[in-house]
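All values below come from the heavy atoms of this structure, side chains included, with hydrogens, waters and symmetry mates left out.
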Amino acid sequence: LAALMTARGYIRSQLRDRMGVRHVPELTFAIDRSERMTGRMDELLGRLQKRDRKREEKSAEAAKVAVLQLLVGYLMILGGMVLTFIMPIQAPTLLVSLGITSSTMIGLAAGLSLLATLGGSLMWPLLRRRFGIAGCNSLLLGLMGLGLWLLMRGQSYNEVLVAVFIQGLGAGLLVPNVMAPVMNALTASTRGRGMGGFTSCLYIGQFVSPLVVALVIVFAGDLRHAIQWLALASFALALLWVVVGLRARGQGQARTVGSH
């Protein structure tokens, strides 16, 4: 830089000759520090972004997980899967006891169950808006209980198909209706782990379903009576959700009146 400042007169004369002008402005040389400043600004901005992210994470963690709502959702999906898988696992046994041994007819019953499950899941958005979460829980448990009751009472292939279809409708409502409040109970930072717990309860319910039926058979005496007991349990839970729904509606109306 000192050499340039010393030679600036010579540089001015060279510029004047080459540019063909009479006057060249005074030349000043300085070190360009813009690259260093840019790096410094990037570093400062990075620090600010990290600090903002930490603040967001702390605020997200400060929002508490609705533990009771989460546990209810876990228990609902666990117990619901126990009831749901009674049909595909135990229905073939009851059909064989009725003398229906055709694999095609048994497979048709299983296919009807899946079709009904699809229908239930498609109906859920409409039923959710009409009855709410608690009302849909009551409805799906009632449908599954009714299906199991009809399965226990069924004495013909057609009667079993009706039971399979009704129970399938309730099973189709189960996952979306339980997943919605579980998602709402979780914070952004806990949603991944929370939904992992939900999925675990879902598969555990499927796995233990035949074990639960076998345990109930010990006390009930046979498969039909075991299914009857489980159907009654489903009806009892449906009534419990009716009470929960009515109570929540009453509290909502009271808050509305209070706000006026």
A.B. asks: Is there a path of hydrophobic side-chain contacts, each under 4.5 Å between heavy atoms of I, L, V, M, F, W or Y residues, that connects Leu202 with Val208?
C.D. replies: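 Yes; tracing contacts between hydrophobic side chains, which count when under 4.5 Å, links both residues.
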A.B. asks: Would you mind listing the cluster partners of Leu71? Hydrophobic ones only (ILVMFWY), side-chain contacts under 4.5 Å, chaining allowed.
C.D. replies: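 The other cluster members (ILVMFWY side chains, heavy atoms under 4.5 Å, direct or chained) are Val67.
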A.B. asks: How many angstroms lie between CE in Met87 and CD in Gln167, if you round to the nearest 0.5 Å?
C.D. replies: 4.0 Å
A.B. asks: Is Leu78 reachable from Val244 through a run of hydrophobic residues whose side-chain heavy atoms are each under 4.5 Å from the next?
C.D. replies: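 Same cluster.
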A.B. asks: When the side chains of residues 139-147 are checked against the rest of the protein, which donor-acceptor pairs come out under 3.5 Å, sequence neighbours left out?
C.D. replies:
none

A.B. asks: Carefully, step by step, assess Cys136 and Leu127 under the rule side chain to side chain contact (heavy atoms under 4.5 Å, CB included).
C.D. replies: CA-CA 7 Å; Cys136 285; Leu127 296 173; 3.8 Å; yes
A.B. asks: Could you note down all residue pairs passing side chain to side chain donor-acceptor pair (under 3.5 Å) where residues 115-135 supplies at least one of them, sequence neighbours left out?
C.D. replies: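 Matches after skipping sequence neighbours: Trp124-Asn177.
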A.B. asks: Partners of Ser209 by side chain to side chain donor-acceptor pair (under 3.5 Å), sequence neighbours excluded?
C.D. replies: none
A.B. asks: Under the rule for salt bridge (charged side-chain N to carboxylate O under 4.0 Å, His left out), what residues qualify as partners of Arg47, not counting sequence neighbours?
C.D. replies: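 Testing Arg47 for salt bridge (charged side-chain N to carboxylate O under 4.0 Å, His left out), a comparison that skips the adjacent residues, returns Glu43.
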A.B. asks: For Leu122, what are the other residues in its hydrophobic cluster, where any two members join if their side-chain heavy atoms are less than 4.5 angstrom apart?
C.D. replies: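 Other cluster members: Leu118.
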A.B. asks: Give a yes or no on this: more than 12 heavy atoms of other residues, nucleotides or ligands lie within 6.0 Å of atom CZ of Arg191.
C.D. replies: yes
A.B. asks: Take Met81 and Leu174 through the side chain to side chain contact (heavy atoms under 4.5 Å, CB included) test and state the conclusion after the steps.
C.D. replies: CA-CA 8 Å; Met81 281 296 149; Leu174 175 65; 3.9 Å; yes
A.B. asks: So which residues get pulled into Leu126's cluster when ILVMFWY side chains under 4.5 Å apart are joined, directly or through others?
C.D. replies: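 Members besides Leu126: none; it forms no cluster.
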A.B. asks: Please tabulate, one pair per line, all N/O donor-acceptor pairs under 3.5 Å involving side-chain atoms of residues 212-229, not counting sequence neighbours.
C.D. replies:
| unit_1 | atom_1 | unit_2 | atom_2 | d |
| --- | --- | --- | --- | --- |
| Asp222 | OD1 | Arg224 | N | 3.4 |
| Asp222 | OD1 | His225 | N | 2.9 |
| Asp222 | OD1 | His225 | ND1 | 2.7 |
| Asp222 | OD2 | His225 | ND1 | 3.2 |
| Arg224 | NH1 | Met152 | O | 2.4 |
| Arg224 | NH1 | Gly154 | O | 3.4 |
| Arg224 | NH2 | Gly154 | O | 3.4 |

A.B. asks: To the nearest 0.5 Å, what is the distance between CG (Leu148) and CD1 (Ile166)?
C.D. replies: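 Rounded to the nearest 0.5 Å, the CG-CD1 separation comes out at 10.5 Å.
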A.B. asks: Are Tyr74 and Met183 linked, directly or through other ILVMFWY residues, by side chains that come within less than 4.5 angstrom of each other?
C.D. replies: yes
A.B. asks: Give, for atom CZ of Phe235 and atom CG of Leu230, the distance between the pair rounded to the nearest 0.5 Å.
C.D. replies: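 Rounded to the nearest 0.5 Å, the CZ-CG separation comes out at 11.5 Å.
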A.B. asks: Might you point out which heavy atoms bring Phe198 and Val175 nearest each other, and give the distance in Å?
C.D. replies: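 That closest heavy-atom pairing would be CZ-O, 4.2 Å.
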A.B. asks: How long is the gap from CD1 on Ile89 to CD on Gln206, to the nearest 0.5 Å?
C.D. replies: 8.5 Å
A.B. asks: Mind jotting down which residue pairs meet the side chain to side chain donor-acceptor pair (under 3.5 Å) criterion with at least one end in residues 148-162? Sequence neighbours excluded, please.
C.D. replies: none
A.B. asks: Which pairs pass side chain to side chain donor-acceptor pair (under 3.5 Å) with one or both residues in residues 233-243, sequence neighbours excluded?
C.D. replies: none
A.B. asks: Which atom pair, heavy atoms only, marks the closest approach of Gly205 to Val82?
C.D. replies: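 Minimum heavy-atom separation between Gly205 and Val82: O-CG2, 3.6 Å.
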A.B. asks: Side-chain heavy atoms under 4.5 angstrom apart, residues restricted to Ile, Leu, Val, Met, Phe, Trp, Tyr: same cluster for Tyr203 and Leu83?
C.D. replies: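 Tyr203 and Leu83: one cluster.
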A.B. asks: Please tabulate, one pair per line, all N/O donor-acceptor pairs under 3.5 Å involving side-chain atoms of residues 93-110, not counting sequence neighbours.
C.D. replies:
| unit_1 | atom_1 | unit_2 | atom_2 | d |
| --- | --- | --- | --- | --- |
| Ser97 | OG | Leu94 | O | 2.5 |
| Ser102 | OG | Thr104 | N | 3.3 |
| Ser102 | OG | Met105 | N | 3.4 |

A.B. asks: Asn137 vs Val178, test: side chain to side chain contact (heavy atoms under 4.5 Å, CB included). Steps then yes/no.
C.D. replies: CA-CA 8 Å; Asn137 278 336; Val178 178; 4.2 Å; yes
A.B. asks: Please round to the nearest 0.5 Å and tell me the distance separating atom OG of Ser200 and atom CD1 of Ile77.
C.D. replies: 11.5 Å
A.B. asks: Give me the other members of the hydrophobic cluster that Leu75 sits in, counting Ile, Leu, Val, Met, Phe, Trp and Tyr linked by side-chain heavy atoms under 4.5 Å, directly or via other members.
C.D. replies: none
A.B. asks: According to a hydrophobic-cluster definition based on side-chain heavy atoms being under 4.5 Å apart (Ile, Leu, Val, Met, Phe, Trp, Tyr only), do Leu237 and Leu239 belong together?
C.D. replies: no
A.B. asks: Closest heavy-atom contact between Ser113 and Val164?
C.D. replies: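 In this case the closest contact between Ser113 and Val164 is CB-CG1, 3.4 Å.
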